[in-house]
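Below is one structure, written out as structure tokens; comments come after it.
So you know, we letter chains A, B, ... as the sequences are listed, proteins then strands, and number each from 1. These figures come from a predicted structure and were not determined experimentally.
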Amino acid sequence: MSLHKEQQIKIYNTLSGKKETFTPIEPGHIGMYVCGPTVYSNVHLGNVRTFMSFDMVFRYFKHLGYKVRYVRNITDAGHLENDADAGEDKITKKARLESIEPMEVVQRYTVDFHNTLNTFNFLPPSIEPTATGHIIEQIELVKKIIANGFGYEVNGSVYFDVHKFNESYTYGILSKRKLEDLIHNTRALDGQSDKKNPQDFALWKKAEPQHIMRWPSPWSDGFPGWHLECTTMSTKYLGEHFDIHGGGMDLKFPHHECEIAQNEAAVGRSPVNFWMHANMLELNGQRMSKTTGNIINPAELLSGKNDIMSKAYSPSVIRFFIAQSSYRSILDLTNDGLLSSEKGFLRLMDAINALDELKAGTASTFDIAEWQQRCYDAMNDDFNSPILIANLFEAVKYINQLKEGTATLTAEDLELLKSSMHSFCFDILGLENVGITDSSSEKLAGAVELLIELRQQARANKDFALSDKIRDQLAEKGIQLNDSKEGTTFDVK
RNA sequence: GGCAUCAUGGCCGAGUGGCUAGGCACAGCUCUGCAAAAGCUGCUACAGCGGUUCGAAUCCGCUUGAUGCCUCCA
């Protein structure tokens, strides 16, 4: 039984500005391309949010049984500091500033990127291609664009002729811009003498003599333009026409617009059915910015070593926080928001952990199948994870009532509830359960359990001075005792 | 300046032309030797001003504000 045949997904398509019913080009298969990072510095928390959104999309498709090819590139060359002729490649600049090889920069920050994503429990993409690994293909693409009359060479560099392109196609359909408006609003920049028009963009740049990253081409020893790699690699691995292309909102223009133009100029068709854009992450109501200091990186957030948050937050709490808002909304990262998410997340995990102890009854007082479909409906509606989470908390209520004995489920329904909770929380949202597993924690547990036993004896003897001393002093050390009818458990805060 | 997106209760955040989001906080209750934890119950909003409509927070217009892009950015 293929789940994806039963669940009809709607996706907000930037191209149309509407939610559209999603139908893969090839039934049962999905091709998805997401613009990955330029590895010239440590991964930005905003990147994490964007990629996490698409990780969730990837996870959901997989859960539904689609065969997904998810391509997420690594930009390790070609990303210019700016569009002027003197614009320097970001990797090259970083290498120059630190007096190391460009490939050392690439290696260092690629490793950081992967480590961070692993920490946040990301699934690896199916293919993670690099720009430098596809120089030949990029050169071939430039040749094609020139042959079709949409590229021109000046002094060893090749530019895309946006004005010429706009005569046969429409430049700006994705970002809803008109070329005319762009012409009027383009600021004058120095050093653009090589281009016919300021709206043109580089397909190939001639390298200055001191430029280390360079490859031979018919036009010059140089390097490819930034937009080119995504067109090249998406075409190579997903074909000239594929299902979904994603990225951060800020890539909509010009990057994604240029990708469409390059594809149309090369093969005469728009490459992508669905364009998806994840919105920005703010910190305390303002965009993150290195210059103003309003910034926090993933490692600082996870370790608690920062001046912005009151404590460290686990990767799953951050994932949960992010999943509580829609990927298309601007999300404001705040300490209060994280604290509130953390409490909610722990309550959800408590409920899931309680599932295994529940006993089946002879009848069901909840319609679990209907509840499960509501969870699917939420995800089918443009991956609405906040609504999914609202439904998960409804299940928390069910679980608590089952625990209290005020509700019952048949064995079959109980099994469905368990498997659904696991699927939605862990497989789809990518959360990880909190549990005590390492050996030092086990030793701690042993010690605390001894104290719990001593406290129980004191309470039985009505020696409340002693029992309260044990409880309160443990609390001071961050160990909280939880009394219930079944006995006493503890949490490390 | 241009283009685009958005403005929801104490806070965070969904959503819909008429009927409960959810989380956190808060209040009451249950439990408890007292607490804490946990559970249950309650809390009803949609920037401002016009318009369309039997009815709009939801559609349209204007105003105000925020954010993104227009120069590198997920």
Side-chain angles (χ1 to χ4, degrees), chain A residues 14 17 34-38 40-41 43-54 79-84 87-88 90 93 172 175-178 180-182 184-187 189 198-199 226 246-255 257 277-282 285-290 320-321 324-326 328-334 336-345 347-348 350-351 354 378 381 384-394 396-397 399-401 403-404 406 459-460 462-464 467-468 471-472 475 480-486 488-491 493:
Chain A
T14 308
V34 172
C35 290
T38 301
Y40 71 106
S41 67
V43 62
H44 183 107
L45 201 59
N47 292 21
V48 174
R49 192 228 175 160
T50 296
F51 299 137
M52 202 176 270
S53 302
F54 291 107
H79 200 154
L80 299 183
E81 276 290 303
N82 58 57
D83 214 23
E88 195 172 12
K90 279 171 178 282
K93 184 183 178 188
S175 55
K176 301 182 175 49
R177 267 161 229 247
K178 293 193 176 75
E180 206 177 298
D181 295 339
L182 288 170
H184 292 143
N185 289 312
T186 303
R187 294 177 212 170
L189 288 173
Q199 294 75 39
W226 173 40
M249 196 74 100
D250 47 356
L251 292 183
K252 210 194 302 185
F253 187 91
H255 184 58
E257 205 69 73
H277 289 97
N279 217 322
M280 302 290 106
L281 181 69
E282 293 179 355
Q286 301 216 301
R287 71 165 294 181
M288 293 198 204
S289 156
K290 280 180 190 168
F320 186 74
F321 173 77
Q324 272 186 302
S325 87
S326 151
R328 287 198 290 124
S329 299
I330 294 170
L331 175 60
D332 189 15
L333 185 74
T334 61
D336 285 351
L338 285 167
L339 277 175
S340 127
S341 288
E342 182 173 56
K343 288 191 182 171
F345 170 71
R347 202 157 74 85
L348 180 63
D350 282 348
D381 184 13
N384 197 326
S385 51
I387 294 287
L388 169 63
I389 289 173
N391 283 313
L392 296 180
F393 275 104
E394 194 164 323
V396 169
K397 201 175 274 190
I399 292 166
N400 287 328
Q401 289 180 29
K403 211 164 72 176
E404 302 273 316
T406 54
R459 292 176 74 193
K462 304 236 188 271
D463 184 358
F464 296 124
S467 71
D468 288 359
R471 176 227 285 163
D472 297 340
Q480 178 191 281
L481 301 187
N482 307 317
D483 294 331
S484 73
K485 278 177 189 158
E486 290 77 32
T488 302
T489 59
F490 74 96
D491 289 313
K493 292 283 166 185

Worksheet item: Nearest to the side chain of A:D483, which nucleotide is it out of B:A36, B:A4, B:G22?
Response: B:A36

Response to the item:
Taken to the nearest whole Å, CD1/A:I330 to C1'/B:U8 is 15 Å

Worksheet item: Which whole-number value in Å describes the distance from A:F321 CZ to B:C12 P?
Response: 10 Å

Worksheet item: What distance, rounded to whole Å, do you find between the two P atoms, one in B:A7 and one in B:C60?
Response: 13 Å

Fill in: Complement of B:G55, any strand, by Watson-Crick or G-U distances under 3.5 angstrom
none

Discussion item. Any base atoms under 4.0 Å from A:E394, or only sugar-phosphate, or nothing? Heavy atoms, all strands.
Written reply: nothing

Practice prompt. With heavy atoms under 4.0 Å as the rule, sort A:D332 into base, sugar-phosphate or nothing.
Written response: sugar-phosphate

Fill in: Side-chain donor-acceptor contact under 3.5 Å, A:D483 with A:T488
yes

Worksheet, complete the sentence: Distance col, row A:R471:CZ vs A:D468:CG, nearest 0.5 angstrom, shows 4.5 Å

Discussion item. Distance check, C1' atoms only: B:A47 and B:U67, in whole angstrom units.
Written reply: 16 Å

Worksheet entry | Under 5.5 Å and under 30°: A:F393 stacked on B:G23 | no

Discussion item. Work out how far the P atom of B:A45 is from that of B:U8, and round it to whole angstrom.
Written reply: 15 Å

Worksheet item: Side chain of A:P254: nearest nucleotide among B:U67, B:C40, B:C70?
Response: B:C70

Worksheet item: Who is the Watson-Crick or G-U wobble partner of B:C11, with both distances under 3.5 Å?
Response: B:G23

Worksheet item: Could you give the CG-to-P distance, from A:N391 to B:G15, as a whole number of Å?
Response: 13 Å

Fill in: A:R177 (side chain) and B:C69 (base): donor-acceptor pair under 3.5 Å
yes

Worksheet item: For A:R471, which contact category applies under a 4.0 Å heavy-atom criterion: base, sugar-phosphate, or nothing?
Response: base

Worksheet, complete the sentence: In whole angstroms, the gap separating C1' of B:U32 from CG of A:L481 amounts to 14 Å

Worksheet item: Expressed as a whole number of Å, how far does the C1' atom of B:U16 sit from that of B:C34?
Response: 48 Å

Practice prompt. Please state whether the rings of A:H255 and A:W226 are parallel, tilted or perpendicular, taking 30° and 60° as the class boundaries.
Written response: parallel

Practice prompt. Whole angstrom is fine here: how far is it from CD in A:E257 over to P in B:G68?
Written response: 20 Å

Worksheet entry | Rounded distance in Å - CG (A:D468) to P (B:A37) | 15 Å

Worksheet entry | Aromatic A:F253 / basic A:R177 pairing, under 6.0 angstrom, 45° off normal | yes

Fill in: Residue closer to the 5' end of RNA chain B, A:I387 versus A:T50 (nearest nucleotide)
A:I387

Practice prompt. Could you work out which one of B:G68, B:C70, B:A37 sits closest to the side chain of A:D250?
Written response: B:G68

Worksheet item: For B:C40, which nucleotide in any strand shown is its Watson-Crick or wobble partner with both distances under 3.5 Å?
Response: B:G28

Fill in: A:S385-A:Q324 side chain donor-acceptor pair, cut-off 3.5 Å
no

Worksheet item: OP1 or OP2 of B:C3 sitting under 4.0 Å from any side-chain N/O of A:K178?
Response: no

Worksheet item: Distance check: side-chain N/O of A:N400 vs OP1/OP2 of B:G39, anything under 4.0 Å?
Response: yes

Worksheet, complete the sentence: Against the side chain of A:M280, the closest entry in B:C70, B:A74, B:C34 is B:A74

Practice prompt. Take atom CZ of A:F490 and atom P of B:A35, then tell me their distance rounded to the nearest Å.
Written response: 25 Å

Practice prompt. Look at A:D350 together with A:K403 and state whether they make a salt bridge at an N to O cut-off of under 4.0 Å.
Written response: no

Item to complete: Determine the Euclidean distance between corresponding C1' atoms of B:A57 and B:U20; express it in Å to zero decimal places.
Response: 16 Å

Worksheet item: Roughly how far apart are A:L333 CG and A:S341 OG, rounded to 0.5 Å?
Response: 9.5 Å

Discussion item. For the C1' atoms, the ones on B:G9 and on B:A25, what distance do you get once it is rounded to whole angstrom?
Written reply: 12 Å

Worksheet item: Nearest to the side chain of A:S340 - B:A37, B:G23, B:C70?
Response: B:G23

Worksheet entry | A:K252 or A:R347, whichever maps to the more 5' nucleotide of RNA chain B | A:K252

Worksheet entry | Side-chain donor/acceptor contact of A:N384 with base of B:G22 under 3.5 Å | no

Worksheet item: Roughly how many Å is it from CD1 in A:I389 to P in B:G15, rounded to a whole number?
Response: 13 Å

Discussion item. Please name the nucleotide paired to B:A66 by Watson-Crick or G-U wobble geometry with both distances under 3.5 Å, or report none.
Written reply: B:U5

Practice prompt. Could you tell me whether A:R459 contacts a base, only the sugar-phosphate backbone, or nothing, with contacts defined as non-hydrogen atoms closer than 4.0 Å?
Written response: base

Worksheet item: What nucleotide, of B:C24, B:A4, B:C70, holds the atom closest to the side chain of A:K343?
Response: B:C24

Worksheet entry | Same-atom distance (P) from B:U71 to B:G65, integer angstrom | 25 Å

Discussion item. Considering every strand and a 4.0 Å limit on heavy-atom distances, what is the contact class for A:G46: base, sugar-phosphate, or nothing?
Written reply: base

Discussion item. Over all strands shown, is A:K397 touching base, sugar-phosphate only, or nothing at heavy-atom distances under 4.0 angstrom?
Written reply: sugar-phosphate

Discussion item. Counting only side-chain heavy atoms from C-beta out, which of B:G23, B:U41, B:A14 sits nearest to A:S326?
Written reply: B:A14

Worksheet item: Which part of the nucleic acid does A:L348 contact within heavy-atom distance under 4.0 Å: base, sugar-phosphate only, or nothing?
Response: nothing

Worksheet item: Given the C1' atoms of B:C11 and B:G18, what is the spacing between them in whole Å?
Response: 29 Å

Fill in: Under 4.0 angstrom between A:S329 side-chain N/O and B:A14 OP1 or OP2
yes

